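Below is one structure; the comments refer to it alone.
In what follows, chains are A, B, ... by sequence order, proteins preceding strands, each numbered from 1. Given the structure is predicted, the values throughout are model-derived calculations rather than measurements. Scope of the values below: all heavy atoms of this structure, side chains included, with no hydrogens, waters or symmetry mates.
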Amino acid sequence: MCGRFRVARSKELLEAAFSAEDALEEIEWTPRYNVAPAQDILVVRQGSLGKVRRLSLMRWGLIPSWAADPSIAFKMINARAETIAEKTAFKEPFRFRRCLVPADGFYEWRREGKQKLPFCFSLLDESLFAFAGVWERWKGPKGISIESCSILTTASNELMQDVHDRMPVILPQDAYDRWLDPDCVSAPDLQPLLKPYSASAMRRFRVSQRVNHVKNDDAECAAGIDAM
DNA sequence: CCAGACGTTGTT
DNA sequence: GTCTGG
DNA sequence: CCAGACGTTGTT
DNA sequence: GTCTGG
């Protein structure tokens, strides 16, 4: 699965990499090394008109539009790619509200007794990539409106197997257009994009247990340590 | 028709 | 809101 | 995901 | 054990 990740890049760099604009120039963003559920994260969406891509901040953990209160989001940080087209909470977001979630690494833990040992997974060249995401808008009382999102998961590849049997869906660049196209509403056209990323294009390394604590959000979280 | 669920992961 | 179960 | 809290009443 | 907060 995916419950913590890294986006250690500036907003300007993300805008350039995804040809996405923060149209209103109102997003405040600093490079992040330890992003956790319920926090605001950057996503890339695309409109029908002119296919313009925009950068937005939204809460990680999807709140279905019909939810009585936002607490359900704690269980909705991921969506299974295999069933996303059928599940009530994700069906509509999957058809009509897909997004990219920029990242440059993610963390997974291996339990050893009482210890939780974190690994960082990234691309071989440490380049930027994108998780497949879906989003939703929730309207609460008093005119409160919250946009939130989930990151899709799939079976893990060989590199991850002994840490976890699930991994986030990483989209290759040539899949961005179709995933973001609001005019594509066909599950059979989309589902093939949702497969485990090539293990040979990724690397993994142990990181400090500092990353376990959400409040630690600095480069040290992503620094490799020798232990395997 | 109404009532009730609607989710994932990991662990047992 | 929408779907499933009864 | 992990860490940390997890309760009520009445009084100040 | 289970839920919430980050």
Inter-nucleotide [atom1] distance ([N], [M]), Å rounded:
N	M	atom1	result
D/dG10	B/dG4	P	34 Å
D/dG7	B/dA3	P	31 Å
B/dC6	D/dC6	P	28 Å
D/dC1	B/dT9	P	8 Å
B/dT12	E/dG1	C1'	13 Å
B/dA5	E/dC3	P	14 Å

OP1 or OP2 of [N] sitting under 4.0 Å from any side-chain N/O of [X]?
X	N	answer
A/Arg80	B/dT8	no
A/Thr83	B/dT8	yes
A/Arg111	B/dT11	yes

Among [options], which is the nearest nucleotide to the side chain of [X]?
X	options	answer
A/Thr88	B/dT8, C/dG1, D/dC2	C/dG1
A/His213	B/dT11, D/dA3, D/dC1	D/dA3
A/Ala89	B/dT8, B/dC6, E/dG6	B/dC6
A/Met1	E/dG6, D/dC1, B/dC6	D/dC1
A/Lys91	C/dC3, D/dC1, D/dC2	C/dC3

Could you check how far [atom1] of [X] sits from [atom2] of [N], rounded to whole Å?
X	N	atom1	atom2	answer
A/Glu86	C/dT2	CD	P	17 Å
A/Ile72	B/dA5	CD1	C1'	10 Å
A/Arg110	B/dT9	CZ	C1'	18 Å
A/Asn216	D/dG4	CG	P	11 Å
A/Met160	D/dC1	CE	P	12 Å
A/Phe96	C/dG1	CZ	C1'	13 Å
A/Arg4	D/dA3	CZ	P	8 Å
A/Asp69	E/dT4	CG	C1'	11 Å

Subject >> D/dG4 - base-pair partner by Watson-Crick or wobble geometry, distances under 3.5 Å >> reply: E/dC3
Original post:
Is a salt bridge present between A/Asp162 and A/Arg110, judged by a nitrogen-to-oxygen distance below 4.0 Å?
Top reply: yes
Original post:
Do A/Glu108 and A/Arg204 meet the salt-bridge criterion of a basic N to acidic O distance under 4.0 Å?
Top reply: no
**OP:** Say whether A/Arg137 and A/Ser65, considering side chains only, have a donor N or O and an acceptor N or O under 3.5 Å apart.
**Re:** no
**OP:** Quick one: closest heavy-atom pair of A/Phe131 and A/Ala103, and the distance?
**Re:** CE1-CB, 3.5 Å
NA contact type, [X], heavy-atom cut-off 4.0 Å: base, sugar-phosphate, or nothing?
X	result
A/Phe90	sugar-phosphate
A/Pro37	base
A/Trp66	base
A/Thr153	sugar-phosphate
A/Lys87	sugar-phosphate
A/Ile77	base

Original post:
Taking the six-membered ring for Trp, are A/Tyr107 and A/Trp109 parallel (under 30°), tilted (30 to 60°) or perpendicular (over 60°)?
Top reply: tilted
Original post:
Parallel under 30°, tilted from 30 to 60°, perpendicular over 60°: which one fits the rings of A/Trp179 and A/Phe94?
Top reply: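 Aromatic pair A/Trp179/A/Phe94 classed tilted.
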Original post:
Pick one: which of A/Val134, A/Thr153, A/Val169 meets side chain to side chain contact (heavy atoms under 4.5 Å, CB included) with A/Ile84?
Top reply: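 It is A/Val134; the other options fail the test.
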